[in-house]
Participant: 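Structure in structure tokens, see below.
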Amino acid sequence: MMKIATWNINSIRARMESLLRWLQETAPDVVLLQETKCLEEQFPYEPIEDLGYNIAVFGQKSYNGVAILSKKPIEDVTKGLPGLESTEARYIEAVIGTVRVASIYVPNGQDIGTEKFAQKLAFFKALQSHMATLLSYGEQCVMGGDYNVAPTDADVYDPEKFQNRLLASPEERAGFQSLLNAGMVDALRAQFPEDGSANRSFKNEARYYTWWDYRQGSFEKNHGLRIDHLLLSPQASDALKSVGIDRDPRSWDKPSDHVPVWCHL
DNA sequence: ATGGTAGAAAGTCTA
């Protein structure tokens, strides 16, 4: 059994207390981190290594930054999304045992119609192409990250309000859907279908969302979105035992605005 | 519609 989690930590240096607590409490085998927000030489390796993790980092000053933590050795590390012209640290991929993993930080997109929004759509295009390549290998593959898209209205606390809004627009959803069309499986959706057939009550539970804005008391009102996802290749999906969202860290002192999503293979 | 909060870093920029 292998527990793999993804977490947009919103600055690893500001979040060390929460990260170490969460690692000790939940003992994931692999962690895919986003928004570490520091250069590789600034990364706080030691306290994480002391808990038994190997670490691979793709860092950047102030913004972005992705990393992989793993109890087992990390092999064949790739930094940067193949096929995308960009200097931003938004993609790191590696092989751990028989599983290929990636930590992905899709651009936020700022506002619909902006240059950054176009870059977000371009990122999805390159990601779709690369995922299609990886899928052709027939491996167990877990691509986790902050995709910055709520795939359906079921993933938004107020669908009406989010119609044609950033994170829920048809264009962004088409970008995310293209990954599923290529053959990837949304792990949480696989276990908790939108129609509620697996668990009728789950979509109304607070655990369902992965991000709550810092502003306007969003967490207290449960005004959240599900924008962090674990996408699995069919071979990984066949091995999927369970999936969940760790809501607790959002209520801790100095929280990230995102919470971890995990799966057991 | 605006601006609300948080992080990095010292200006605002990004989310």
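Throughout, a chain's letter reflects where its sequence line sits, starting with A, and its residues are numbered from 1. Computed from heavy atoms alone, side chains included, the values below leave out hydrogens, waters and symmetry copies. The model shown is predicted, which means the values in this text are computed figures rather than measured ones.
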Participant: Roughly, in whole Å, what's the span from CZ in A:Arg215 to P in B:dG7?
Facilitator: 13 Å
Participant: Rounded off to whole Å, could you give me the CG-to-P distance for the A:Asn148 and B:dA15 pair?
Facilitator: 8 Å
Participant: Can you tell me, in whole Å, how much space there is between the P of B:dA9 and that of B:dT14?
Facilitator: 15 Å
Participant: Looking at the rings of A:Trp252 and A:Trp22, which for Trp means the six-membered one, are their centres under 6.0 Å apart?
Facilitator: no
Participant: On DNA chain B, check which nucleotide each of A:Gln42 and A:Pro107 is closest to and give me the residue with the more 5' one.
Facilitator: A:Gln42
Participant: Measure from the side chain of A:Lys61, starting at C-beta and using heavy atoms only, and say which of B:dT14, B:dA10, B:dA8 lies closest.
Facilitator: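 Nearest listed nucleotide: B:dA10.
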Participant: Please state the C1' separation for the pair B:dA15 and B:dG4 - nearest whole angstrom.
Facilitator: 13 Å
Participant: Between A:Phe162 and A:Tyr157 (judged by ring centroids, cut-off 6.0 Å), do the two rings come close enough to count as a pair?
Facilitator: yes
Participant: Can you tell me which nucleotide in B:dA15, B:dT14, B:dG3 comes closest to the side chain of A:Gln216?
Facilitator: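 Of the options given, the side chain of A:Gln216 lies nearest B:dG3.
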Participant: For A:His258 and for A:Thr36, find the nucleotide of DNA chain B with the closest heavy atom, then tell me which residue's nucleotide is more 5'.
Facilitator: A:Thr36
Participant: Using a heavy-atom cut-off of 4.0 Å across all strands, would you classify A:Arg250 as base, sugar-phosphate, or nothing?
Facilitator: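 No contact.
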Participant: Consider the side chain of A:Glu35, meaning its heavy atoms from C-beta on, and name the nucleotide among B:dG7, B:dA9, B:dA15 that approaches it most closely.
Facilitator: B:dA15
Participant: With rounding to the closest Å, how many angstrom separate the P atoms on B:dG3 and B:dC13?
Facilitator: 15 Å
Participant: Which value, rounded to the nearest 0.5 Å, describes the distance between A:Gln34 atom CD and A:Ile9 atom CD1?
Facilitator: 9.5 Å
Participant: Are any of A:Arg15's side-chain N or O atoms less than 4.0 Å away from OP1 or OP2 of B:dG7?
Facilitator: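 Answer is yes, contact under 4.0 Å.
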Participant: Report yes if at least one side-chain N or O of A:Arg13 is closer than 4.0 Å to OP1 or OP2 of B:dA9; otherwise report no.
Facilitator: yes
Participant: Say you draw a straight line from NZ of A:Lys79 to CD of A:Glu40; how long is it, rounded to the nearest 0.5 Å?
Facilitator: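 The distance works out to 4.0 Å.
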Participant: Report the nucleotide, chosen from B:dT5, B:dA15, B:dA9, that has the shortest atom-to-atom distance to any side-chain atom of A:Lys116.
Facilitator: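 Among B:dT5, B:dA15, B:dA9, the one nearest the side chain of A:Lys116 is B:dA15.
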Participant: Atom CG of A:Asn10 and atom P of B:dC13: how far apart are they, to the nearest Å?
Facilitator: 19 Å
Participant: Tell me the interatomic distance from A:Asn108, atom CG, to B:dA6, atom C1', rounded to whole angstroms.
Facilitator: 14 Å
Participant: Write down the distance separating the P atoms in B:dT2 and B:dA6, rounded off to the nearest Å.
Facilitator: 23 Å
Participant: Starting from P on B:dT14, measure out to OH on A:Tyr214 and report it in whole angstrom.
Facilitator: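 Value for this atom pair: 18 Å.
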Participant: Starting at CG of A:Leu225, measure out to CG of A:Asp257 and round the result to the nearest 0.5 Å.
Facilitator: 11.0 Å
Participant: Reckon A:Phe219 touches a base, only the sugar-phosphate, or nothing at all at heavy-atom distances under 4.0 Å?
Facilitator: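 Contact class for A:Phe219: none.
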Participant: What do you reckon, are the aromatic ring centroids of A:His223 and A:Tyr209 less than 6.0 Å apart?
Facilitator: no
Participant: Report yes if at least one side-chain N or O of A:Lys254 is closer than 4.0 Å to OP1 or OP2 of B:dA6; otherwise report no.
Facilitator: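 No.
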Participant: What is the distance from CG of A:Asn64 to C1' of B:dA15, rounded to the nearest Å?
Facilitator: 10 Å
Participant: Could you state the CZ-P distance from A:Arg165 to B:dG3, rounded to the nearest angstrom?
Facilitator: 15 Å
Participant: Whole Å only: how far is the NZ atom of A:Lys221 from the P atom of B:dG4?
Facilitator: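 Taking NZ of A:Lys221 and P of B:dG4, I get 14 Å after rounding.
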Participant: Ignoring backbone atoms, test whether A:Lys37 places a side-chain nitrogen or oxygen under 4.0 Å from the OP1 or OP2 oxygen of B:dA6.
Facilitator: no
